Amino acid sequence: ILMVTTVVPEVAKLYVDLKKELPFLTKILVMVADALKNFWWLFIIGTIAAVLASRRLLATEKMQLEADRLKMKIPLFGVLFTKVYMARFARTMNTLLASGIPMLQALETTRDAVGNKVIAADVTETIAEVRGGKALSVALSKRVHFLSLVPQMTKVGEESGAIDDMLGRCATYFEDEVDEAVKNLSTTLEPVMMIVLGLIVGVIIAAVLGPVYSLVGSGDLGK
């Protein structure tokens with residue numbers, strides 16, 4: 001912002017003094033600089049309005065549901081979010097069942113704690129089926145948003161009589177997976193961010209130094 005609002009206008013002023021036409025890239029940055037200088041208040045108001053509008057939209061039940069569904073479909077991040085919710089579900093159920101909380105009550109509490117409306121809707125359907133007499137593993141196996149390991153570990157727990165322990169192991173597995181995925185993701189994103197930053201700086205430098213070198217080459221600066 002400092003370069004665009006201070007250096008670029010000086011280069012533009014030089015071209016005006018010499019009655020030369022600005023290069024296309026520099027002309028665009030000059031327009032950006034003028035907009036930032038003259039309408040900075042509009043950018044601030046627009047940013048605040050966008051934040052308030054998005055918060056108002058996300059306050060509705062329908063938009064929260066769509067936002068939570070979108071989280072689980074984002075490339076790269078979708079699987080990570082899903083594993084976070086699986087870990088949260090399994091860990092909460094493990095803690096509640098180990099504390100002696102009845103199954104249905106534990107599911108209701110977990111539904112409110114999982115932090116995703118889509119997963120919460122699946123848990124609501126699971127509660128209805130468990131209340132109707134179905135095993136938890138059977139009910140969870142029908143939920144499309146639940147990863148298969150959750151009902152599998154739940155079934156092992158039901159057969160061994162240690163469902164809370166199996167859910168605890170399931171939670172630990174997903175927590176480790178999330179930690180590893182975050183490390184790999186940060187390792188991947190760092191070079192990408194450096195490349196993007198380098199491109200931005202390169203464009204600004206080209207817009208600033210390009211015209212200067214052009215004037216030096218043509219001999220106009222020496223006149």
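Computed from a predicted structure; not experimentally measured.
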Does R169 CZ have over 12 foreign heavy atoms under 6.0 Å away?
-> no
Closest heavy-atom pair, V114 versus A120, reported as atoms and distance to 0.1 Å, is CG1-N, 4.1 Å
**Request:** List the steps, then state whether salt bridge (charged side-chain N to carboxylate O under 4.0 Å, His left out) holds for E108 with R111.
**Result:** CA-CA 5 Å; E108 289 171 355; R111 175 188 58 194; 5.3 Å; no
ask   = Is there side-chain contact between I163 and M103, with heavy atoms separated by less than 4.5 Å?
value = yes
Discussion item. Within the 4.5 Å heavy-atom criterion, are V150 and C170 side-chain neighbours or not?
Written reply: yes
Go through the side-chain N and O atoms of T172 and R91 and say whether any donor and acceptor fall under 3.5 Å apart. yes
Nearest heavy-atom approach of M166 to M153 is CB-O, 3.3 Å
Any donor-acceptor pair under 3.5 Å from N94 side chain to D164 backbone: yes
- [ ] Taking atom NZ of K155 as the centre, report whether more than 12 heavy atoms of other residues, nucleotides or ligands fall under 6.0 Å from it.
- [x] no
Problem set entry | Donor-acceptor contact below 3.5 Å, side chain D68 vs main chain K117 | yes
Correct closest heavy-atom pair for A171 and A87 would be CB-O, 3.8 Å
Centroid-centroid distance, F174 to Y85, less than 6.0 Å = no
Taken to the nearest 0.5 Å, the spacing of L104 CG from T126 OG1 works out to 11.0 Å
So OG of S141 and CG of L136: to nearest 0.5 Å the spacing works out to 9.5 Å
Between L96 and A106 the two heavy atoms that sit nearest each other are CD1-O, 3.5 Å
* To do: Report yes or no: do L199 and I28 belong to one cluster of Ile/Leu/Val/Met/Phe/Trp/Tyr joined by side chain heavy-atom distances under 4.5 Å?
  => no
Exactly one of R88, M93, Q105 clears side-chain contact (heavy atoms from CB on, under 4.5 Å) with T110, and that residue is M93
Output for pair (Q64 CD, N116 CG), nearest 0.5 Å, gives 10.5 Å
- Task: Please answer: with hydrophobic residues joined when any side-chain heavy atoms are less than 4.5 Å apart, are I200 and L36 in the same cluster?
- Result: yes
Side-chain heavy atoms under 4.5 angstrom apart, residues restricted to Ile, Leu, Val, Met, Phe, Trp, Tyr: same cluster for L97 and V156? yes
Using the rule that Ile, Leu, Val, Met, Phe, Trp and Tyr join whenever any side-chain heavy atoms are under 4.5 Å apart, tell me whether V79 and L70 fall into a single cluster. no
Walk me through whether K71 and F77 qualify under side-chain contact (heavy atoms from CB on, under 4.5 Å). CA-CA 7 Å; K71 281 182 188 177; F77 293 95; over 6 Å; no
Separation between CE (M72) and NE2 (H145), nearest 0.5 Å, reads 5.5 Å
Heavy-atom neighbours of M31 CE exceed 12 at 6.0 Å: no
Would you say V32 and F39 are hydrophobically clustered, going by side-chain heavy atoms of ILVMFWY under 4.5 Å?
no
Here the gap from M193 atom CE to I195 atom CD1, rounded to the nearest 0.5 Å, amounts to 12.0 Å
*side-chain contact (heavy atoms from CB on, under 4.5 Å) evaluation trace for L185 with L80*: CA-CA 10 Å; L185 200 58; L80 180 61; 4.2 Å; yes
Practice task
Give a yes or no on whether the backbone of S137 and the side-chain of E158 come within a donor-acceptor separation of less than 3.5 Å.
Solution key: yes
Nearest heavy-atom approach of K134 to V138 is CD-CG1, 4.5 Å
### Query
Do the non-hydrogen side-chain atoms of L147 and F89 ever get within less than 4.5 Å of each other?
no
All heavy atoms of L29 vs all of V203, minimum pair found to be CD1-O, 4.5 Å
* To do: List the steps and the verdict of side-chain contact (heavy atoms from CB on, under 4.5 Å) for F146 and I119.
  => CA-CA 8 Å; F146 270 73; I119 300 297; 3.9 Å; yes
d(E129 CD, L107 CG) to nearest 0.5 Å is 11.5 Å
Can you check side-chain contact (heavy atoms from CB on, under 4.5 Å) on I48 and F43, steps first, answer last? CA-CA 9 Å; I48 294 172; F43 286 104; over 6 Å; no
